[in-house]
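To start, the structure itself, in structure tokens.
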Amino acid sequence: MKDNTYGLLRDRFGISPKVLDHVKKCEEAVSGRFDRLDDIMAYNQYKVLDAFQKNRICDRHFSWNTGYGYDDAGRDALEQVYADVFNAEAALVRPIIVNGTHALTLTLMGILRPGDKLIYCTGAPYDTLEEVIGIRGEGKGSLREYGVSYSQVELRDDGRIDFDALGEAIGPDTRMVTLQRATGYGWRRAITIEEIKEWADFVHGINPDIVCMVDNCYGEFLHTLEPTDVGADIMAGSLIKNPGGGLALTGGYVAGRRDLVEKISYRMTSPGIGGECGLTFGQTRTMLQGLFIAPKTVNGAVKGAVLCAEVFSSLGFPVCPEADDERSDIIQAVRLGSPEAVIAFCKGIQASAPVDSHVSPEPWDMPGYEDPVIMAAGAFVQGSSIELSADAPIREPYNVYFQGGLTYEHSKFGVIKALQYITEMTNYSAIL
């Protein structure tokens, strides 16, 4: 941290010198990790550039279309760029996909049929998918109500896939095995690309007709390869996470095998129409530009996550993953041990924001979640978790989940403010 920056943060933002000194020391400790992350970023930047050039992206691809959206050249080009970047046969990239949960729901319901069995092999799915599958809630059109059975295989104690248990769970009615790459609200490291390859090979070795699906939310551009490079049949994610680069205003994507993408498109619109219709509402420019800068944006976010891990682990808080662990998503979990500390952390993140920094977040009963949730996100795009944000269910053992930052410097500032608020608002005031 340069002297000028140190002085600005101390004098204009009121940051404690103790906080600044601790973060500076931690940043120096993790600087060696940043070189590896920069190399991944550069590789992905050129990979994305190659897809843009291959598809001859030009000004006409940024134009509006109306009505049904037939012959939307920008939409078609956008989806082909996504397919090429992810080494997939086809992709759907639409602003009418409202979030990551919607993209995953379309994928599950587009492929699965009555009598099929779905297996989650990374333990419980993300909270918002429980009602989609039918684990909780009734009368909402879940997979269970349509006759799709479900089981889940817990991860091993070391956070790896339990292949023995998965092999026992797979039966003749198994149609899909799903893997959630990111931690979600769990306490585990993200599943790596190497593990995804091992998983896809294992499942296809039992039955090549089983669909290997990956929930890729928060995982794009964390490696030089994506799940569809290493055997996943289909994957889905959100445009207001990694691949939108902070510019996409909304939307989601699916990418993978052409026949599966076609089935999903029929669920997205209607049978017989599929992906042929659907406006992009003039958003192809921001979706393409966001994808172009996404590798750099993700790089800043993951550096911030590494710094967050070092700052809090060095003060005695358990973190997952550790600062030196391989990263496969942008999420950093910190176990703070009390609701007061979780709330203080999130208030610090909110106070770091360029938008709504004056707002004070509080836990609330958010739709789709079982427990009260606190969310801090002063973002240009509402709910964008590639922008600096933090959230947590208010339940024991009181983990908070930190992610995002359109630049490394902003992600770092979030870490600084979160630590400052914890020292000011909780009984952890003596940790520095």
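FYI, the numbering just counts along the sequence from 1.
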So do [Y] and [X] actually touch side chain to side chain, heavy atoms under 4.5 Å?
{"X": "Val85", "Y": "Val81", "answer": "yes"}
{"X": "Pro17", "Y": "Arg10", "answer": "yes"}
{"X": "Val373", "Y": "Met375", "answer": "yes"}
{"X": "Asp233", "Y": "Met213", "answer": "no"}
{"X": "Ile264", "Y": "Leu92", "answer": "yes"}
{"X": "Leu37", "Y": "Lys303", "answer": "yes"}
{"X": "Trp199", "Y": "Leu166", "answer": "yes"}
{"X": "Met176", "Y": "Ile119", "answer": "no"}

Any donor-acceptor pair under 3.5 Å from [X] side chain to [Y] backbone:
{"X": "Gln152", "Y": "Thr122", "answer": "no"}
{"X": "Thr423", "Y": "Gln420", "answer": "yes"}
{"X": "Lys347", "Y": "Pro361", "answer": "yes"}
{"X": "Gln350", "Y": "Ala377", "answer": "yes"}
{"X": "Ser352", "Y": "Gly348", "answer": "yes"}
{"X": "Thr426", "Y": "Glu340", "answer": "no"}
{"X": "Arg144", "Y": "Arg136", "answer": "no"}
{"X": "Arg94", "Y": "Gly275", "answer": "yes"}
{"X": "Thr101", "Y": "Thr128", "answer": "no"}
{"X": "Asp329", "Y": "Thr183", "answer": "yes"}

Glu387 and His410: CA distance, side-chain angles, deciding distance, side-chain contact (heavy atoms from CB on, under 4.5 Å) verdict: CA-CA 9 Å; Glu387 300 185 55; His410 191 221; over 6 Å; no
Asp116 vs Asp173, test: side-chain contact (heavy atoms from CB on, under 4.5 Å). Steps then yes/no. CA-CA 6 Å; Asp116 288 344; Asp173 57 347; over 6 Å; no
Roughly how far apart are [X] [atom1] and [Y] [atom2], rounded to 0.5 Å?
{"X": "Asn216", "Y": "Lys241", "atom1": "CG", "atom2": "NZ", "answer": "11.5 Å"}
{"X": "Ile170", "Y": "Asn207", "atom1": "CD1", "atom2": "CG", "answer": "8.0 Å"}
{"X": "Leu108", "Y": "Ile133", "atom1": "CG", "atom2": "CD1", "answer": "6.5 Å"}
{"X": "Asp38", "Y": "Tyr408", "atom1": "CG", "atom2": "OH", "answer": "11.0 Å"}
{"X": "Ile57", "Y": "Phe52", "atom1": "CD1", "atom2": "CZ", "answer": "6.0 Å"}
{"X": "Ile349", "Y": "Gln403", "atom1": "CD1", "atom2": "CD", "answer": "9.0 Å"}

With no hydrogens and no angle check, do the side chains of [X] and [Y] hold a donor and an acceptor under 3.5 Å apart?
{"X": "Asn299", "Y": "Lys296", "value": "no"}
{"X": "Gln283", "Y": "Thr286", "value": "yes"}
{"X": "Thr192", "Y": "His223", "value": "no"}

Closest approach of [X] and [Y], non-hydrogen atoms and distance?
{"X": "Leu432", "Y": "Leu315", "value": "CD2-CD2, 3.8 Å"}
{"X": "Ala236", "Y": "Val254", "value": "CB-CG1, 3.7 Å"}
{"X": "Met235", "Y": "Pro227", "value": "SD-CD, 3.8 Å"}
{"X": "Ala232", "Y": "Val214", "value": "CB-CG2, 3.8 Å"}
{"X": "Val415", "Y": "Cys308", "value": "CG2-CB, 3.8 Å"}
{"X": "Pro95", "Y": "Met287", "value": "CD-CE, 4.0 Å"}

Does a salt bridge link Arg327 with Glu322, judged by any charged N lying under 4.0 Å from a carboxylate O? no
salt_bridge(Glu89, Arg257) N-O dist < 4.0 Å: no
I'd like to know whether [atom1] of [X] has more than 12 heavy-atom contacts from other residues, nucleotides or ligands below 6.0 angstrom.
{"X": "Asp158", "atom1": "CG", "result": "yes"}
{"X": "Arg335", "atom1": "CZ", "result": "yes"}
{"X": "Arg36", "atom1": "CZ", "result": "no"}
{"X": "Lys117", "atom1": "NZ", "result": "yes"}
{"X": "Glu145", "atom1": "CD", "result": "yes"}
{"X": "Asp11", "atom1": "CG", "result": "yes"}
{"X": "Lys197", "atom1": "NZ", "result": "no"}

Residue that, paired with Tyr126, satisfies ring-ring contact (aromatic ring centres under 6.0 Å, His included) out of Tyr185, Tyr218, Tyr401: Tyr185
Assess the residue pair Ile196 and Glu198 against the criterion (side-chain contact (heavy atoms from CB on, under 4.5 Å)); give the C-alpha distance rounded to whole Å, side-chain angles, the decisive distance to 0.1 Å, and a yes or no. CA-CA 5 Å; Ile196 292 173; Glu198 183 182 8; over 6 Å; no
Testing Arg189, Arg156, Arg181 one by one against Glu195 for a salt bridge (Lys or Arg N to Asp or Glu O under 4.0 Å), which residue passes? Arg189
Report the C-alpha separation of His22 and Ser314 in whole Å, then their side-chain angles, then the decisive distance to 0.1 Å, and conclude whether the side-chain hydrogen bond (donor to acceptor under 3.5 Å, both in side chains) test is met. CA-CA 9 Å; His22 183 69; Ser314 64; 3.0 Å; yes
Do Phe345 and Phe312 make the cut of ring centroids closer than 6.0 angstrom? yes
Test salt bridge (Lys or Arg N to Asp or Glu O under 4.0 Å) applied to Lys25 and Glu310, step by step: CA-CA 10 Å; Lys25 181 178 68 175; Glu310 182 66 21; over 6 Å; no
Under the criterion salt bridge (Lys or Arg N to Asp or Glu O under 4.0 Å), I'd like the reasoning laid out for Asp259 against Lys263: C-alpha separation, chi angles, the key distance, then a yes or no. CA-CA 6 Å; Asp259 62 317; Lys263 287 178 180 290; over 6 Å; no
For Trp364 and Ile374, run side-chain contact (heavy atoms from CB on, under 4.5 Å): C-alpha distance rounded to whole Å, both residues' side-chain angles, the deciding distance at 0.1 Å, then the answer. CA-CA 6 Å; Trp364 67 296; Ile374 184 169; over 6 Å; no
Whether Tyr82 and Tyr253 hold their rings parallel, tilted or perpendicular, with breakpoints at 30° and 60°: tilted
